[in-house]
Amino acid sequence: MAKGFSIRARCRNFGWPRDRGTSEIGRPVIGAERRFVDRAVGKLLFCAALAAIVAVFFIIVFLLRDGYQIVLETGLWDFLAGAEWNPTGRNPAYGVFPLITGTLQVMALAMVIAVPLSIGSAVFIAEIASPGMKSIIKPAIELLAGIPSVVYGFFGLILLTDWIRVAFDQPSGSSWLAGSILLAIMAIPTITSVAEDAISSVPREFKEGSLALGATHWQTIRRVIVPGALSGISAAIILGMGRAIGETMAVLMVTGNAAVIPDPIYDVFSPVRTLTGTLGIEMGEVAFGSTHYHALFGVAVVLLFITLAINSAARVITTRIQGTQGTARPIPSGRVTAAIRRSTPYRALTAAASRITHAASAPFGRLLPPRTSQRCAFLLISLSVAIVIAALGVILFEIVVNGAGAISWEFLTGSPRDLGRAGGIFPAIVGTFYLVGGALAVALPLGIATAVYLVEYTAETPLTRSIRAAVDLLNGTPSIVFGLFGFAFLVLFMGFGVSLIAGQITLGLMILPTIIRTTEEALRSIPGSLREGSYALGATKWQTISRVVLPPALPGILTGAILSIGRAAGETAPIMFTAAIFSSRFLPSSLTEPVMALPYHLFVLTTTVPGAATQSYGTAFVLLLLVLTIYLAAILVRRRYRRETVM
Amino acid sequence: MTGSTILETTNLNLWYGQKQALIDISLHVPKNRVTALIGPSGCGKSTLLRCFNRMNDLIDSSRITGEILFNGSDIHDPRADVYAIREKIGMVFQKPNPFPKSIYENVAYGSRIHGVGDKKELDRIVEESLKGAALWDEVKDRLHEPAHSLSGGQQQRLCIARSLAVGPEVILMDEPCSALDPIATAKIEDLIIRLARDYTVVIVTHNMQQAARASDYTGFMYLGRLVEFDKTTKIFEDPGEELTENYITGRFG
């Protein structure tokens, strides 16, 4: 008993009323103030979470309610299957069938182009590229996922449609094909980087196990690695589909927007019109409460259902494939991933290994010797990478080279003159910052508080599951739908008018689900053992969260927030009817005035102002630079902290 | 020479959802001694350990009946402060779980959350705790390096130091050596024996030699029941129950 920790003396003693016979009777119950803080924070988080969740459900209910009106007015069948969409004609027709087929056609062809190229690129980055090459290509492709869609649309309108018109000898290049090519280029970075993550996270032992059986690298990729990453790859493809369906601006600018079903159905040079494009074109000029107004809500609801279908498909696929392949991806509950990993991980390997040995032992079983087929496969993969890099390179090159020339001091600091043909874009730059700042002020505190509450304070119940489903639904919902909500609810119903504040709230609601989800994921990735370690030392819940859980989760939360900033800065659809005006000489002096914004300025310059090509390029260049800088920041933050805080 | 009892359970039952994990456990843990809980996997020994500092509160589906007394006070009393209980009854986990902070911050964490802000005081607590966990000499020159740069055995001793720093009376250890190599294990066992001078240690272990080497008292658990509890020498040399003997001699488990 020689040393006897003196620490003991200074720590407060254990004991409470009705204490039976220890030396510590009569000491006050400890931590009254700590407990108060703990409870107060809990209540505060609950209120924030409630607000966010109410907002999420409110948006969904609001859209459904107004969308339901069109079903009452035209009947469900005539609305969904009606072959004509002509809301402004003498005999208005509200059949969304051509719009649905248009959406699906554009999306399908885009996927046909994008999926092979993306998976090829993903395999290349994960398996074939040298570490040095990988460290360049991977962040570059992630970066490209951030290019604002209006920039793609600008490129499509200026170059792609022209190229199609000339190359295929068509009267007009604005077509299904143009939309699909553009969407493919837009979806490739997303699909590639998610698929690459999945491929890279296939456990090393699988690969080594296969190679140790004498399989070639290609055989290993084809039969072990890709099957092992299948759930992630499927998720990537579905994510890409979601992006393609939800895209508004780029599609609206290049597809020609005729609400017709191509005849013949495979005529890729026919113009088409998508659901999102319809909202983008018609929303601004619709009369409040009219049949047309309800029909647009109907379109939004159709988009909502498509998003729902895509989300559910993603969930079914990932859980089912997890069941059979056992790739290590955390299941939603997040607490017991180990059980899944343990139960099935070797099945994929053993099954594939037996197939390889079988194939190798059958002397004439294969068309090509393994080495030759490996060479062919690698050639194709490299080719797909080359195509991707070339396509993205052309876009960047075009905009950077032409845009940099338009940049001048006056352009950056002046106000636009002559409908933007001369002067500068200063009000648009500042307006973009106003919009993004306001959106963050709305979404960041609410989103983070909601995620903390959902992860740390609630058990997994049907209620939390439905909250998560609703958040996911809004997370995948096309941004134009938020634009519609903002326009109908904030601008018209609440009477905000087209104003800075309406745009800020609309953008804030748009990024809210993303912030909730990324924060949730960051929190879930903190092992439960750390929380236990903290509780075991007598820490309260809030002490544990604020000192043990949040610090290591911060990079993840920050990355999500920065990506949201980038997205908010680049989006056109949500602000074009809620906040943005074209060519204003002044900055807004209050929240109720409209504001200029870079993406909207670019959109209007490109589509409606002839003879403003230089200014368009300059605006595109500034927007690109702004958004890519934000994305680059996100990538750097993530990289830096990933290295520092390895669990 | 049975000293006073520090922890006591009476007819303790615990359910996880529908499944009963602990059945009618009555046990006295003697003060300033090492008590080992042994038994095959899934017998409930870790669950019992987690009852003593109410870590099972964190598992939503758990339900408990019976009484657990710490120094004669019911730890489930509605007026009991669960945070104070955990301050007084520390825990070391199976896998070392240092926080992603520096070595210093790991040890200082507990004191900080219990309101120690003075830098000098913290320095002293950190030093004494690390000495108490026999880690000071190995880390004194790199206190501000990340805890994850330590070896597994060092990390586990850091976790022990971390729990010493808040001034506990009891330290619960849940298979503290199962993730460690034999040399690191020997160090922790030495430490456990030394800790018993100032603290009460309750250790769950799979390793019967460890129980025999390091503990004064041993409880053998099987299928959620406490089959036998006695001095370690008695359990290992002359067990009172056939089940215990079968387990000790390796006939099952």
Side-chain angles (χ1 to χ4, degrees), chain A residues 1-25 27-35 38 335 458-461 526-544 546-549 551-553 644-647, chain B residues 32 50 53-55 57-58 60-61 69-74 77 79-101 106 109-116 121 124-125 128-129 131-132 146 148 159 162-169 172 197-199:
Chain A
M1 190 61 237
K3 44 189 179 82
F5 276 79
S6 49
I7 307 159
R8 223 185 253 188
R10 83 141 312 286
C11 283
R12 276 165 294 190
N13 279 305
F14 174 77
W16 49 86
R18 214 191 75 177
D19 202 327
R20 292 175 250 164
T22 65
S23 57
E24 293 153 357
I25 291 181
R27 301 294 176 118
V29 172
I30 93 153
E33 150 207 358
R34 256 192 336 174
R35 284 179 162 231
D38 201 47
R335 284 202 187 156
T458 60
E460 194 69 12
T461 62
I526 307 302
S529 67
L530 290 185
R531 293 181 182 87
E532 284 202 323
S534 172
Y535 286 129
L537 293 168
T540 62
K541 190 154 206 156
W542 177 241
Q543 287 177 322
T544 301
S546 61
R547 297 179 186 223
V548 172
V549 179
E644 273 177 13
T645 56
V646 183
M647 284 295 134
Chain B
N32 283 19
R50 292 169 63 93
N53 65 346
R54 287 183 53 183
M55 287 302 275
D57 289 14
L58 304 175
D60 295 311
S61 63
L69 303 181
F70 170 59
N71 281 334
S73 319
D74 181 359
D77 187 293
R79 280 162 300 177
D81 182 343
V82 64
Y83 308 120
I85 291 168
R86 293 183 189 143
E87 195 180 337
K88 287 286 150 192
I89 309 179
M91 186 168 222
V92 174
F93 297 84
Q94 186 168 357
K95 236 181 101 197
N97 60 346
F99 303 126
K101 302 171 187 279
N106 261 278
Y109 174 78
S111 304
R112 282 192 201 279
I113 58 170
H114 294 299
V116 181
E121 181 75 2
R124 197 175 54 70
I125 293 174
E128 284 183 17
S129 307
K131 280 181 177 161
H148 290 267
C159 291
R162 187 172 75 183
S163 62
L164 295 184
V166 295
E169 293 180 31
L172 309 172
R197 289 189 225 140
D198 300 319
Y199 305 92

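What you are looking at is a predicted structure, and each value in this text was computed from that prediction instead of being measured. Below, chains carry the letters A, B, ... as their sequence lines are ordered, and counting in each starts from 1.
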Contacting moiety of B:F93, where chain A heavy atoms sit under 4.5 Å: side chain
Greatest number of heavy atom pairs closer than 4.5 Å to chain A - which of B:K95, B:K101, B:R54, B:Q94: B:K101
Test side chain to side chain contact (heavy atoms under 4.5 Å, CB included) applied to B:Y83 and A:R35, step by step: CA-CA 9 Å; B:Y83 308 120; A:R35 284 179 162 231; 4.0 Å; yes
Flag side-chain contact, heavy atom, 4.5 Å: B:R112 against A:R547: yes
Candidate pair A:E532 and B:R50, rule side chain to side chain contact (heavy atoms under 4.5 Å, CB included), full reasoning: CA-CA 11 Å; A:E532 284 202 323; B:R50 292 169 63 93; 2.7 Å; yes
Pair A:V548-B:Y109, side chain to side chain contact (heavy atoms under 4.5 Å, CB included): steps then yes or no: CA-CA 9 Å; A:V548 172; B:Y109 174 78; 3.3 Å; yes
Nearest atoms (heavy-atom pairs only) where A:G533 meets B:R162: CA-NH2, 3.7 Å
Distance-minimising heavy-atom pair for A:G538 and B:I113: C-CD1, 4.1 Å
Spacing of B:N53 atom CG and A:Y535 atom OH [to the nearest 0.5 Å]: 13.0 Å
Full working for side chain to side chain contact (heavy atoms under 4.5 Å, CB included) between A:L537 and B:R86: CA-CA 6 Å; A:L537 293 168; B:R86 293 183 189 143; over 6 Å; no
Residue part contacting chain A, namely of B:L172, when any heavy atom lies under 4.5 Å: neither
Distance-minimising heavy-atom pair for B:P98 and A:L530: O-CD2, 3.2 Å
